[in-house]
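Single-structure report; data block below.
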Amino acid sequence: MKDDKILTKHPLGKSGKNIDKRKYDAVKKAVLSALGKKALTHDELFERLDRSLTGKFDGSIHWYGETVKLDLEARKIIQRNAAKPAKYRLKSATPRQAKAR
């Protein structure tokens with residue numbers, strides 16, 4: 001039985017990574033949950049990912065977290081602001097955008 005894979009995107013158009021869909025889904029769920037209440041810096045986001053995934057995730061939380069975060073930015077599901085330090089938040093979706101996801 002072949003494992004399901006997903007080819008991620010990159011917000012700068014760089015080549016994506018072909019990763020296990022279950023791992024992608026687990027990290028995506030954790031990222032969206034972490035950003036559900038407020039905008040977070042990169043460090044804050046990854047602290048939350050570590051807390052929610054440690055012991056429940058097989059693989060590098062940091063590597064998968066960064067890969068999925070970039071993919072979610074490229075897909076315009078989350079966005080990064082231009083502040084220093086930058087903060088990430090869920091992007092407000094129009095009904096049409098939400099349907100396309």
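Computed from a predicted model, the values in this text were never measured in an experiment.
Listed by chain and residue number, nothing satisfies the side-chain contact (heavy atoms from CB on, under 4.5 Å) test with S15 (two or more places apart in sequence, or in another chain). Legend: residues meeting side-chain contact (heavy atoms from CB on, under 4.5 Å) with D25, ordered by chain and number and at least two apart, are K21. Partners of K29 by salt bridge (Lys or Arg N to Asp or Glu O under 4.0 Å), not counting sequence neighbours: none found. Legend: residues meeting salt bridge (Lys or Arg N to Asp or Glu O under 4.0 Å) with R80, ordered by chain and number and at least two apart, are E73. D50 meets the salt bridge (Lys or Arg N to Asp or Glu O under 4.0 Å) test with no other residue; sequence neighbours excluded.
Placement of L53 and L32 within a single hydrophobic cluster is found when ILVMFWY residues are connected by side-chain heavy-atom separations under 4.5 Å, directly or transitively.
Rounding to the nearest 0.5 Å gives a distance of 9.0 Å between CH2 of W63 and NZ of K23. In this structure, CD1 on I19 lies 8.5 Å from NZ on K5, to the nearest 0.5 angstrom. L49 CG to F57 CZ: the interatomic distance, rounded to the nearest 0.5 Å, is 9.5 Å. Expressed to the nearest 0.5 Å, how far NZ of K9 lies from CG of L70 amounts to 13.5 Å. Within the model, atoms CD1 of I78 and NZ of K28 stand 10.5 Å from one another, a figure rounded to the nearest 0.5 Å. Taking CD1 of I77 as the reference point, atom CG of L90 lies at 9.5 Å (rounded to 0.5 Å).
Counting non-hydrogen atoms of neighbouring residues, nucleotides and ligands closer than 6.0 angstrom, the CG atom of D58 reaches no more than 12 such neighbours.
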Please tabulate, for side-chain N and O atoms in residues 34-43, each donor-acceptor pair with protein atoms closer than 3.5 Å (sequence neighbours left out).
from: T41; atom 1: OG1; to: E44; atom 2: N; distance (Å): 3.1
from: T41; atom 1: OG1; to: E44; atom 2: OE1; distance (Å): 3.4
from: H42; atom 1: NE2; to: E66; atom 2: OE1; distance (Å): 2.7

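Panel note: side chain T8, backbone K17; a donor-acceptor pair is recorded below 3.5 Å.
The shortest non-hydrogen separation linking S52 to A30 is OG-CB, 3.7 Å. Nearest heavy-atom pair across R22 and D20 is N-OD2, 3.0 Å.
Contact annotation: the side chain of D71 never approaches that of T67 to less than 4.5 Å [non-hydrogen atoms, C-beta and beyond].
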>> Go through it in stages, so that I can follow the logic: the residues are R89 and N81, the test is side-chain contact (heavy atoms from CB on, under 4.5 Å), and I'd like the CA-CA distance, side-chain angles, deciding distance and then a yes or no.
In response: CA-CA 8 Å; R89 69 177 181 88; N81 68 18; over 6 Å; no
